[in-house]
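Owing to the predicted nature of the structure, the values given are computational and were not obtained by experimental measurement. Computation of the quantities below employed the complete heavy-atom set of this structure, encompassing side-chain atoms and omitting hydrogens, waters and symmetry-equivalent molecules.
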Amino acid sequence: MQLFKPGNSDTSETHDIPTARPVAAIIGGVAWSMTMAVIIAIPSPAPAGDLANCTLSDPAAEVGDEDAAALYDCLSDALQEQLAVLEAGDKIDGPSWLLSDLPEARAFLSWESVTRSPYISATHGERYVVNLADPAAMPTYSRFEEGGPMPVGGILGKPSFTISDKGQAKPGPLFLMEKAEEGAFPDTGDWIYTAIKPSGALMGRTGAENSGGMQFCADCHMGIGAETDSMTYLPEEYRIGN
């Protein structure tokens, strides 16, 4: 291969460049060779708040409280990342509770927990759950059986998840219950029950979509929590402070 010598007006003077060694050029960020073109595929970065990253290091081992807590912390961190994206006006890849139209589906991330670590709840489909309370509910709920009736407007939340055979945390429904005005919903003890699917779609809500399906939640809470304003509490060994 021959190239003209720079700076020489006599275009007849040339210099040989050995062709045994390929000449590479950078074109549009891709390395091309005169003898072979090679395209290097650069993987796209994982989307912000990728819940799929929340996985146990040893899926075959027995899941302990610390493992469940680590998975929930991972989910919470990922959801916080998703929330930051949404608040910046951008979109996130689902599924996510945050895609719900209900403000509680995002607000619950800032609520306080009364749970030392996630525990398996038989009344919530054998899923791991964490008990949360919004600022209006926390003073009452944090006292557990000694707290008395819930004030109107107080909201309780139970985000849930399961753990797959591969050790991956899989979000379940987000369960919510809000205390309504006296006489507003006598069949539910004046509580508004809501369940949000992992996709963000509404599973049901008292007085709204699939209200009848939420009656099961009300019946369970009124039965177990007949003396505690329909509130049911987590096992004592999982309560913060115990």
Side-chain angles (χ1 to χ4, degrees), residues 46 48-84 95-98 104-135 137-147 150 154-177 193-199 203 216-217 220-221 223-225 228-242:
D50 189 357
L51 303 181
N53 292 331
C54 299
T55 305
L56 295 172
S57 57
D58 184 3
E62 182 178 354
V63 179
D65 290 345
E66 291 184 359
D67 299 316
L71 286 178
Y72 180 72
D73 288 344
C74 178
L75 290 174
S76 296
D77 290 344
L79 289 167
Q80 290 287 1
E81 291 181 15
Q82 291 183 352
L83 181 61
S96 175
W97 296 316
L98 306 189
E104 301 95 316
R106 299 185 185 185
F108 86 93
L109 289 174
S110 65
W111 298 351
E112 290 188 67
S113 172
V114 298
T115 316
R116 181 175 58 79
S117 70
Y119 64 97
I120 296 177
S121 173
T123 56
H124 294 83
E126 297 292 335
R127 299 178 177 93
Y128 285 92
V129 299
V130 172
N131 295 44
L132 309 175
D134 79 342
M138 191 62 178
T140 297
Y141 195 65
S142 60
R143 295 178 60 202
F144 303 109
E145 289 86 353
E146 305 300 322
M150 178 62 65
I155 307 176
L156 305 176
K158 283 192 180 81
S160 71
F161 67 95
T162 57
I163 303 175
S164 72
D165 292 339
K166 296 182 179 180
Q168 183 179 351
K170 297 282 190 180
L174 170 61
F175 300 100
L176 303 164
M177 52 188 293
Y193 292 87
T194 303
I196 299 172
K197 297 178 182 180
S199 65
M203 181 181 295
F216 173 82
C217 300
C220 181
H221 275 265
I224 299 175
T228 54
D229 193 18
S230 295
M231 288 180 281
T232 58
Y233 301 103
L234 62 164
E236 291 191 8
E237 63 267 27
Y238 286 103
R239 298 179 185 184
I240 287 180
N242 291 344

- Query: Quick one: are Leu234 and Arg116 in side-chain contact, heavy atoms under 4.5 Å?
  - Reply: no
- Query: Val130 and side chain to side chain contact (heavy atoms under 4.5 Å, CB included): which partner among Ser117, Ser113, Ser121?
  - Reply: Ser113
- Task: Output the distance between atom CG (Leu56) and atom CD (Gln168), rounded to the nearest 0.5 Å.
- Result: 10.0 Å
- Message: For Tyr128 and Phe161, take the angle between the two ring planes, folded into 0 to 90°, and tell me which bin it lands in: parallel under 30, tilted 30 to 60, perpendicular over 60.
- Response: parallel
- Message: Are the side chains of Asp50 and Glu81 in contact, using a 4.5 Å heavy-atom criterion?
- Response: no
- Note on the structure: Shortest non-hydrogen pair, Thr123 vs Cys220, comes out as CG2-SG, 4.2 Å
- Message: I want to check something: taking the side chain as every heavy atom from C-beta on, are Gln82 and Ser96 in contact at a cut-off of under 4.5 Å?
- Response: yes
- Item | Flag if over 12 foreign heavy atoms under 6.0 Å of CG, Asp58 | yes
- Message: I want to check something: taking the side chain as every heavy atom from C-beta on, are Pro173 and His124 in contact at a cut-off of under 4.5 Å?
- Response: no
- Message: For Gly64, is there any backbone N or O sitting under 3.5 Å from a side-chain donor or acceptor partner on Asp67?
- Response: yes
- Between CE of Met177 and CD1 of Ile155, what distance do you get to the nearest 0.5 Å? 11.0 Å
- Task: Over all heavy atoms of both residues, which pair between Ser142 and Val114 is shortest? Give the atoms and the distance, please.
- Result: CA-CG1, 4.2 Å
- Closest approach of Tyr72 to Pro118 (non-hydrogen atoms, all atoms of both residues): CB-CG, 3.7 Å
- Item | Any Val63 side-chain heavy atom under 4.5 Å of Ile163 side chain | yes
- Going through the distances and angles, do Tyr119 and Asn131 end up as a side-chain hydrogen bond (donor to acceptor under 3.5 Å, both in side chains)? CA-CA 10 Å; Tyr119 64 97; Asn131 295 44; 2.7 Å; yes
- Message: Does Gln80 have more than 12 heavy atoms from other residues, nucleotides or ligands lying within 6.0 Å of its CD?
- Response: yes
- Enter the distance from His221:NE2 to Thr228:OG1 here, rounded to the nearest 0.5 Å. 9.5 Å
- Query: How long is the span from the CE atom in Met231 to the CD1 atom in Ile224, to the nearest 0.5 Å?
  - Reply: 14.0 Å
- Message: Other residues, nucleotides and ligands only: do more than 12 of their heavy atoms fall within 6.0 Å of CD on Glu237?
- Response: yes
- Any chance you could lay out the side chain to side chain contact (heavy atoms under 4.5 Å, CB included) test for Phe108 and Leu79, step after step, and finish with the verdict? CA-CA 11 Å; Phe108 86 93; Leu79 289 167; 4.2 Å; yes
- Closest approach of Leu174 to Ala105 (non-hydrogen atoms, all atoms of both residues): CD2-CA, 4.0 Å
- Query: Does any non-hydrogen side-chain atom of Phe175 lie less than 4.5 Å from one of Pro159?
  - Reply: no
- Query: Which atom pair, heavy atoms only, marks the closest approach of Pro198 to Pro171?
  - Reply: CG-O, 3.2 Å
- Message: Within the supplied structure, the quantity of interest is the number of heavy atoms (other residues, nucleotides, ligands) at a distance under 6.0 Å from Glu145 CD; does it exceed 12?
- Response: yes
- Quick one: OG1 on Thr162 to CD on Glu126, what's the gap to the nearest 0.5 Å? 11.5 Å
- Are Leu83 and Arg106 side-chain neighbours, meaning at least one heavy-atom pair lies under 4.5 Å? yes
- Task: Quick one: list whatever passes salt bridge (charged side-chain N to carboxylate O under 4.0 Å, His left out) with Arg143, sequence neighbours left out.
- Result: none
- Item | Check: Leu156 and Met150 side chains under 4.5 Å, non-hydrogen atoms | yes
- Message: Can you confirm if the aromatic rings of Tyr141 and Tyr233 lie within a centre distance of less than 6.0 Å?
- Response: yes
- Message: Looking at every heavy atom in both Arg127 and Gly172, which two are closest together, and how far apart are they?
- Response: NE-CA, 4.2 Å
- OG of Ser110 to CG of Leu132, rounded to nearest 0.5 Å, is 9.5 Å
